[in-house]
**Student:** 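Here it is, the structure, as structure tokens.
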Amino acid sequence: MGKRRGGRELLRSLSKKQKQHLREFGEEHPFYDKVSGRPEATQICELSENSDKSSAESDSETEVEQISVYHKLLATLKTSPESESEEEEDESESEEAGESETETDSEGYQETGEADGGEEDKNDVPDQEEVTDTAEQTLGQEQADGADASCDPSHGVIEEFTDVKHESEFSLETNFMEEESGDCNADKKDSNSSQAFAEDPFKQHMDKELEEKEVEKMSTLPKTSSQSKWPRLGQLTFSSTLEKHKTLKADKEVDVKQLYLHKPLESTWPKVNKQFLSSVNKPSNPSFTPLQRELFCIMNTYRDLFYPERNALTNGEEIRHAYCLHALNHVLKANAQVLSNNAKRRDQKPGTDNDDYRDQGLTRPKHLMKHINLLPLDSHGVDFSRVRVLNLNNWSKYYRQTLLFSALQDPQINSVFNKHCFNYVGQVAVRNVPLSGSISHVVVQLPHVFRRLEAENLTSVIDTRFQFFIDKVLPEYRDAIMSHTLIYVPSYFDYVRLRNYFKKEDLNFTHICEYTKKAGVCRARRFFLKGEKQFLLFTERFHFYKRYTIKGIRNLIFYELPTYSHFYSEICNMMKATDNGVDATWTCTVLYSKYDAQKLAAVVGIDRTAQMLQSTKNVHLFVTGENE
């Protein structure tokens, strides 16, 4: 109790001005520091959450828990005009005057903060017991509501805080709007802006009200698709379940003012994007690169987009700027709509029932991909009069726009785009197929044997490939004459499965993966080069990160086609790294299935892929070499 009593004495010794400063800043003003001719030892008073507890173990467990300074000040904060008038008091008020003020003991305060006589002293700080109750109530309410609130100690009531006076300063819509000059010009601009807003893709997409039959059609009928070729993006596939929309064409030139950009973005975008425009753009088109122009043309229509040709070293940042512009444009417009509707609701007459201000969702999303477009289990205090009808009907997935950017045509990404994108406007995918694959970059004279395996479905192809390898491929390489065999394994899980099988069968092998330490890598490379180990299991991720040149390869097996097509030629060309003066017969065997069509096309080309997948033969041979 000594610390608590000391805290009361400290509060009683403060003047009005000092208390006001303590409420606002949590500490005394440096002006009131005591300075004498002889330095005194510095006294530090800390008011922490555990300041009311004694260091001894025998303190009473029923003692009221002390709260932090922040919560104490929050509980004693006054919102009445008296607090402002206190700031205007004379700066020269002395401490003696403050010490002579009449103070009321803690027993003289009720929970409402009033003295026994019924008159409220608004200049004094309540005792710590009362502060604890009030602040805990305030904190609990804040945590429950998750909203800004102000506490009135005189009534113990917590009200929602709305800063009507300063809300316009936070409006992203009006912050960057130019001042209108003249009533006639203002009316004309308002008319033009209203018409432009009605044509805005954001408003058209969000204001579209789907019908039950349209939703049923999208969930049951297959999508129809059409093809189009654009100058920069190349071959595009447009797909949709609803009625066929008019063909979208690429704009040769783009005027920023015609893109319905939010006001601040219209002026800042050319400056931000200037770094990509130095050598690729003409003066008549100063805002976008050709790639950005076509990408934004699609994104601005709110269609889903899949672009599988992003390269981190070349166009990665260029693409990032384009989709960030679209995302910010959407967020700013949504924020401006909410603030505008807030102002309209405040101006309407009390009791007016208006259903025109539905501009929000059910709750703020916490997980964007794995739990997207799910209905929340709790209401979270939402105002259902502001919730969009599409959210109430659980139709959010039909309005969601999904933008996917990748460096390759991956089956998993294609599956996500084809089966989990439901945008009612439709989807656009870039589908450029390679005419010549990476096999054309193999410079060593090497026969490539492609062996097709048959699988019933995509989930069974993993086990089918493993059985095909150990039953038909591996026996051909177990002979001692087939030494120096490198097995390239893209998946780490397949690598572990093969490693365990090789250990079980007691095969003479070594292995390298992305988790192998440097000493282990050196040892495995030496054993393989000298022929002390017949097989080398080699993961794709190790090659991706390390790019070691493996010497001594005479026989090469691709357990599965590489994820990145250029890895195929890189691994094959490692064979020329060994030059021991002895002519060797090199072999290369590749396993593939019909589910590897995109990877196969990236290696051998689209024409050969069609033949290899449709042919009745399961084995196909290609020969590469310097004289080919």
Side-chain angles (χ1 to χ4, degrees), residues 437-439 442 444-453 455 461-505 507-513 524-525 527-529 531 533-544 548-578 584-593 596 599-600 602-604 612 618-624:
S438 61
I439 195 173
V442 177
V444 297
Q445 189 170 359
L446 179 67
H448 305 259
V449 179
F450 287 80
R451 306 185 65 168
R452 187 178 68 199
L453 54 95
V461 72
I462 298 176
D463 294 331
T464 303
R465 180 183 290 110
F466 177 75
Q467 289 299 134
F468 185 87
F469 174 79
I470 63 176
D471 293 339
K472 298 183 179 180
V473 178
L474 188 58
E476 300 175 2
Y477 286 84
R478 298 187 69 166
D479 196 304
I481 197 175
M482 302 298 290
S483 61
H484 297 272
T485 300
L486 183 143
I487 305 175
Y488 182 90
V489 188
S491 171
Y492 180 78
F493 302 103
D494 289 333
Y495 161 80
V496 173
R497 190 176 190 180
L498 289 174
R499 185 191 62 189
N500 295 340
Y501 177 80
F502 276 39
K503 288 182 178 180
K504 179 182 177 181
E505 296 295 321
L507 297 178
N508 183 23
F509 81 104
T510 185
H511 51 88
I512 298 177
C513 70
R525 293 176 67 193
F527 289 160
F528 183 73
L529 176 61
K533 299 293 183 181
Q534 182 178 357
F535 296 98
L536 171 62
L537 294 179
F538 188 81
T539 64
E540 182 176 77
R541 290 187 67 190
F542 176 83
H543 180 65
F544 181 91
Y548 279 78
T549 298
I550 306 299
K551 296 181 180 180
I553 304 176
R554 296 180 185 176
N555 305 288
L556 183 59
I557 300 177
F558 284 92
Y559 185 79
E560 185 181 357
L561 286 164
T563 304
Y564 296 89
S565 60
H566 60 277
F567 284 1
Y568 184 87
S569 58
E570 290 179 1
I571 299 297
C572 291
N573 289 332
M574 286 183 184
M575 289 183 165
K576 68 177 182 178
T578 305
T585 301
W586 291 333
T587 65
C588 178
T589 300
V590 185
L591 306 185
Y592 74 97
S593 69
D596 300 321
K599 293 181 180 180
L600 185 62
V603 172
V604 301
M612 294 169 65
N618 293 331
V619 180
H620 300 270
L621 175 64
F622 302 96
V623 179
T624 59

**Student:** Under the side chain to side chain donor-acceptor pair (under 3.5 Å) test against Asn555, which residue among Thr585, Thr587, Thr589 passes?
**Tutor:** Thr587

**Student:** Return the CG to CG distance between Asp471 and Leu453, rounded to the nearest 0.5 Å.
**Tutor:** 12.0 Å

**Student:** Atom CG in Leu486, atom OG1 in Thr510: separation rounded to 0.5 Å?
**Tutor:** 11.0 Å

**Student:** When you compare the side chain of Arg465 with that of Phe468, does any pair of heavy atoms fall below 4.5 Å?
**Tutor:** no

**Student:** Please confirm whether the ring centroid of Tyr495 lies under 6.0 Å from the ring centroid of Tyr492.
**Tutor:** yes

**Student:** Show your working on side-chain contact (heavy atoms from CB on, under 4.5 Å) between Ile439 and Phe450 and close with a plain yes or no.
**Tutor:** CA-CA 12 Å; Ile439 195 173; Phe450 287 80; 4.3 Å; yes

**Student:** May I ask you to test the Phe509-Ile487 pair for a side-chain heavy-atom distance under 4.5 Å?
**Tutor:** no

**Student:** I'd like to know whether CG of Leu621 has more than 12 heavy-atom contacts from other residues, nucleotides or ligands below 6.0 angstrom.
**Tutor:** yes

**Student:** Going by the angle between their ring planes, with limits at 30° and 60°, are Tyr488 and Phe558 parallel, tilted or perpendicular?
**Tutor:** tilted

**Student:** Restricting to salt bridge (charged side-chain N to carboxylate O under 4.0 Å, His left out), what partner residues turn up for Arg478, sequence neighbours left out?
**Tutor:** none

**Student:** Can you sort out the partners of Ser483 under side chain to side chain donor-acceptor pair (under 3.5 Å), two or more places apart, ordered by chain and number?
**Tutor:** none

**Student:** Gln445 side chain to Trp586 main-chain N or O, any donor-acceptor pair under 3.5 Å?
**Tutor:** no

**Student:** Would you name the heavy atoms of Glu560 and Pro490 that are closest together and state the gap between them?
**Tutor:** O-CG, 3.5 Å

**Student:** Working to the nearest 0.5 angstrom, can you tell me the gap between Ser438 OG and Ile571 CD1?
**Tutor:** 11.0 Å

**Student:** For atom CD1 of Ile470, decide whether the heavy atoms of other residues, nucleotides or ligands shown that lie under 6.0 angstrom number more than 12.
**Tutor:** yes

**Student:** Apply the test side-chain contact (heavy atoms from CB on, under 4.5 Å) to residues Leu507 and Leu474: give CA-CA distance (whole Å), side-chain angles for both, the deciding distance (0.1 Å), then the verdict.
**Tutor:** CA-CA 11 Å; Leu507 297 178; Leu474 188 58; 4.1 Å; yes

**Student:** Within this structure, what is the CZ-CG distance for the pair Phe502 and Leu498, rounded to the nearest 0.5 Å?
**Tutor:** 6.0 Å

**Student:** I need the minimum non-hydrogen distance between Thr485 and Ile557, along with the two atoms involved.
**Tutor:** CG2-CD1, 3.9 Å

**Student:** Are side-chain heavy atoms of Arg497 and Val489 found at a separation under 4.5 Å?
**Tutor:** no

**Student:** Does Tyr564 have its ring centroid less than 6.0 Å away from the ring centroid of Phe544?
**Tutor:** yes

**Student:** Between Tyr477 and Val473, what is the shortest heavy-atom contact and its length?
**Tutor:** CD1-O, 3.3 Å

**Student:** With rounding to the nearest 0.5 Å, note down the distance linking CD in Glu570 to NE2 in His543.
**Tutor:** 4.0 Å

**Student:** Cation-pi between Arg525 and Tyr548: NZ/CZ under 6.0 Å from ring centre and within 45° of the ring axis?
**Tutor:** no

**Student:** For the residue pair Val461 and Ser593, what are the closest heavy atoms and their distance?
**Tutor:** CG2-OG, 3.6 Å

**Student:** Tell me, please, which residues at least two apart from Arg499 pass side chain to side chain donor-acceptor pair (under 3.5 Å).
**Tutor:** none

**Student:** Holding to ring pair (Phe, Tyr, Trp, His ring centres under 6.0 Å), I want the full list of residues that pass it with Phe538, two or more places apart in sequence or in another chain.
**Tutor:** Phe542

**Student:** I'd like to check the ring pair (Phe, Tyr, Trp, His ring centres under 6.0 Å) partners of His620; sequence neighbours left out, ordered by chain and number.
**Tutor:** none

**Student:** Is any side-chain heavy atom of Tyr568 closer than 4.5 Å to a side-chain heavy atom of Val590?
**Tutor:** yes

**Student:** Looking at every heavy atom in both Ala524 and Ile512, which two are closest together, and how far apart are they?
**Tutor:** CB-CG1, 3.7 Å

**Student:** Looking at residues at least two apart in the chain, or sitting in another chain, which of them share a side chain to side chain donor-acceptor pair (under 3.5 Å) with Tyr559?
**Tutor:** none

**Student:** Check this for me: does any side-chain nitrogen of one of Lys599 and Glu540 sit under 4.0 Å from a carboxylate oxygen of the other?
**Tutor:** no

**Student:** For the residue pair Ile553 and Met574, what are the closest heavy atoms and their distance?
**Tutor:** CD1-CB, 4.0 Å

**Student:** If you round to the nearest 0.5 Å, how far is NE2 of His511 from NZ of Lys503?
**Tutor:** 5.0 Å

**Student:** Could you go through the side-chain contact (heavy atoms from CB on, under 4.5 Å) check for Val442 and His448 one step at a time?
**Tutor:** CA-CA 11 Å; Val442 177; His448 305 259; 4.2 Å; yes

